[in-house]
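Presented below is the structure to which this report refers.
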2 protein chains.
Amino acid sequence: MSSTNLTTRARILKSTQDLLEAGRVTEVRMSDIAKLSGISRQALYLHFPNRADLLVATTRYLDEVHAIETVFDQRVVPAKGLDKLTEFVAVWGNYIPKIHGVGKALMAMMDGDAEARAAWDNRMTAVRRIAASVVESLQDEGRLSPELSKKEATDLLWTLVSVRNWESLRHDCRWSQKRYISHMERAAIALLTA
Amino acid sequence: MSSTNLTTRARILKSTQDLLEAGRVTEVRMSDIAKLSGISRQALYLHFPNRADLLVATTRYLDEVHAIETVFDQRVVPAKGLDKLTEFVAVWGNYIPKIHGVGKALMAMMDGDAEARAAWDNRMTAVRRIAASVVESLQDEGRLSPELSKKEATDLLWTLVSVRNWESLRHDCRWSQKRYISHMERAAIALLTA
DNA sequence: CGTCAACTTGACACGGTGTCAAGCTCAATG
DNA sequence: CATTGAGCTTGACACCGTGTCAAGTTGACG
């Protein structure tokens, strides 16, 4: 299934990512991806059963390329106190731009394609788990606002650093990435701590 | 154009809203709306040139039905101090569920349909103006956090109370509407004030 | 040489939007 | 009363993107 021709498969994934990163989501059709990959549209279906699967595979490809798990383990997990919170916001916030294209495409498919929905939810609950562990630490150190339960705090933090909010601030409000990160760090502290 | 047959037109708008409120957005096709309105699919195009226009008309219809402008004028504009902020969050936050269906549909069309994008942006900048006036008041009373410019504060408040965030907390995190409002009021204060 | 996998071309079904043409119905008007 | 025109109907069709199917090509490797 994926033993020999890593080349073509990898080329497809890279093309998909490149197209999604640059253009409007709707303008990334199967035929566009095929063209950029240098193969026929039909050959795409020899590698991925449908568009949703291709997009999901692209997210996993990006996770691998950027070794996001490792970065979380190295920078967020060992941090203490408020640093843990700001490190989480910074690491994730700097990863969002890299997955934004494919995320947007997947989110656009969510209504109507249950598989796409499940795939995106799956990626996002991974982030949620990390947010929960950050909240747990705050709680242990007595820094969590007394007005918030752990679940509520996690929900708020997770929503605060959502891809949609990044999109809103970076694109609609034209913030720089730097400004986004610094204000988000501050916002996370204001929102969650006493 | 819209002088005589208010009945059919109104029936279409109501059907659209009813369908959008209840089901998955993708499953609200022109034919579904026609069926519920008791007319043929083609007759829909005698009233609205395309799907985007129909959805936009539905938002305006909802604005009228709920007299949202009036509510803002009565509850947010006259309020003072932090009350202005919490009133804004509460009024808008309680309006979101009413427009959520059509908003979702419009947002789903935004990529690929420039008209839909423009329409939704237009509605949202109306909210943004109110957010800006709230921030202005905070500033005048010296309550705005010194770390935020007026634009930054408006951007943050507007993003905080976005339809997407409402969706995230109410649906993904399964918060009640009441909990959503009370936490949002608190979050707005924590985020914007010194 | 034969075989197999990767890929090609070309045709097609499906579903949703939007268009076009022709005809029906009924109320208001001359 | 006959005509007109607005509002609606049925039915056919073009377009687009996804996904499927069938038959043929190419090239590496035994």
Side-chain angles (χ1 to χ4, degrees), chain A residues 1-16 19-20 23-58 102 104-117 119, chain B residues 1-16 19-20 23-58 102 104-117 119:
Chain A
M1 191 151 283
S2 63
S3 52
T4 50
N5 64 323
L6 293 178
T7 29
T8 303
R9 190 188 156 91
R11 223 168 348 118
I12 293 171
L13 292 170
K14 183 160 190 331
S15 302
T16 306
L19 284 172
L20 286 172
R24 258 161 300 198
V25 167
T26 326
E27 287 166 16
V28 181
R29 294 168 277 259
M30 293 300 265
S31 54
D32 299 316
I33 298 167
K35 193 186 290 175
L36 190 61
S37 308
I39 59 172
S40 67
R41 186 176 69 90
Q42 288 76 351
L44 235 46
Y45 290 97
L46 299 174
H47 294 271
F48 303 95
N50 53 54
R51 193 171 184 269
D53 272 46
L54 171 52
L55 293 178
V56 173
T58 306
V102 66
K104 215 173 147 196
L106 232 25
M107 288 189 288
M109 289 187 72
M110 280 186 358
D111 304 288
D113 191 316
E115 200 189 349
R117 163 132 207 120
Chain B
M1 193 151 281
S2 63
S3 52
T4 49
N5 63 324
L6 293 179
T7 28
T8 303
R9 189 188 156 90
R11 219 163 356 114
I12 293 170
L13 292 170
K14 182 158 191 330
S15 302
T16 306
L19 283 172
L20 286 171
R24 256 162 303 198
V25 166
T26 326
E27 286 166 17
V28 182
R29 294 167 277 258
M30 293 299 267
S31 53
D32 298 316
I33 297 167
K35 192 186 290 176
L36 189 61
S37 309
I39 59 173
S40 67
R41 186 176 70 89
Q42 288 76 351
L44 234 46
Y45 290 97
L46 299 174
H47 294 270
F48 303 95
N50 52 55
R51 200 173 117 99
D53 272 48
L54 171 53
L55 293 178
V56 173
T58 306
V102 66
K104 215 174 147 197
L106 231 25
M107 288 189 287
M109 290 188 71
M110 278 185 0
D111 304 288
D113 191 316
E115 200 188 351
R117 163 133 206 121

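Computation of the quantities below employed the complete heavy-atom set of this structure, encompassing side-chain atoms and omitting hydrogens, waters and symmetry-equivalent molecules. Values in this document were obtained by computation on a predicted structure and should not be read as measured data. Order of the sequence lines fixes the chain letters, A, B, ..., with proteins taken first and strands second; residue numbering starts at 1 for each chain.
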(message) Could you walk me through whether B:Asp32 and B:Lys35 satisfy the salt bridge (charged side-chain N to carboxylate O under 4.0 Å, His left out) test, starting with their C-alpha distance in whole Å, then the side-chain angles of each, then the deciding distance to 0.1 Å, before giving a yes or no?
(response) CA-CA 5 Å; B:Asp32 298 316; B:Lys35 192 186 290 176; 5.1 Å; no

(message) Between B:Arg51 and B:Asp113, does the salt bridge (charged side-chain N to carboxylate O under 4.0 Å, His left out) criterion hold? Intermediate values first, please.
(response) CA-CA 10 Å; B:Arg51 200 173 117 99; B:Asp113 191 316; over 6 Å; no

Who are the side chain to side chain donor-acceptor pair (under 3.5 Å) partners of [X], not counting sequence neighbours?
| X | answer |
| --- | --- |
| B:Asn50 | none |
| A:Lys14 | A:Asp18 |
| A:Ser37 | A:Ser15 |

Rounded to whole Å, please give me the gap between [atom1] in [X] and [atom2] in [N].
| X | N | atom1 | atom2 | result |
| --- | --- | --- | --- | --- |
| B:Arg41 | D:dT9 | CZ | C1' | 13 Å |
| A:Asn50 | D:dG17 | CG | C1' | 14 Å |
| A:Leu46 | C:dC4 | CG | C1' | 14 Å |
| A:Leu44 | C:dA6 | CG | P | 15 Å |
| A:Glu115 | D:dT18 | CD | P | 15 Å |
| A:Met109 | D:dT18 | CE | C1' | 9 Å |
| B:Tyr45 | D:dT10 | OH | C1' | 16 Å |
| B:Ile12 | D:dC8 | CD1 | C1' | 11 Å |

(message) By the 4.0 Å heavy-atom rule, please label A:Arg51 as base, sugar-phosphate, or nothing.
(response) sugar-phosphate

(message) Once rounded to the nearest 0.5 Å, what's the spacing between atom OG1 of A:Thr16 and atom CG of A:Leu44?
(response) 7.0 Å

(request) Working to the nearest 0.5 Å, report the span between NZ of B:Lys104 and CG of B:Leu55. (result) 13.0 Å

(message) It should be established whether B:His47 places a side-chain nitrogen or oxygen under 4.0 Å from OP1 or OP2 of nucleotide D:dG7.
(response) no

(request) Taking only the side-chain nitrogens and oxygens of A:Thr8, find out if one of them lies under 4.0 Å from OP1 or OP2 of C:dC7. (result) yes

(message) Under the rule for side chain to side chain contact (heavy atoms under 4.5 Å, CB included), what residues qualify as partners of A:Arg117, not counting sequence neighbours?
(response) A:Met110, A:Asp121, B:Asp172

(request) Taking only the side-chain heavy atoms of A:Ser40 (C-beta and beyond), determine which of C:dT8, C:dG18, D:dG17 contains the nearest atom. (result) C:dT8

Is there any protein nitrogen or oxygen under 3.5 Å from a nitrogen or oxygen in nucleotides 20-25 of chain C, and what are the pairs?
none

(message) Heavy atoms within less than 4.0 Å of DNA chain C: which residues of residues 30-39 of chain A have one? Give them sorted by number.
(response) A:Gly38, A:Ile39

(request) Run through B:Leu20, B:Ile39, B:Leu54, B:Leu13 and flag the one making a side-chain contact (heavy atoms from CB on, under 4.5 Å) with B:Ile33. (result) B:Leu54

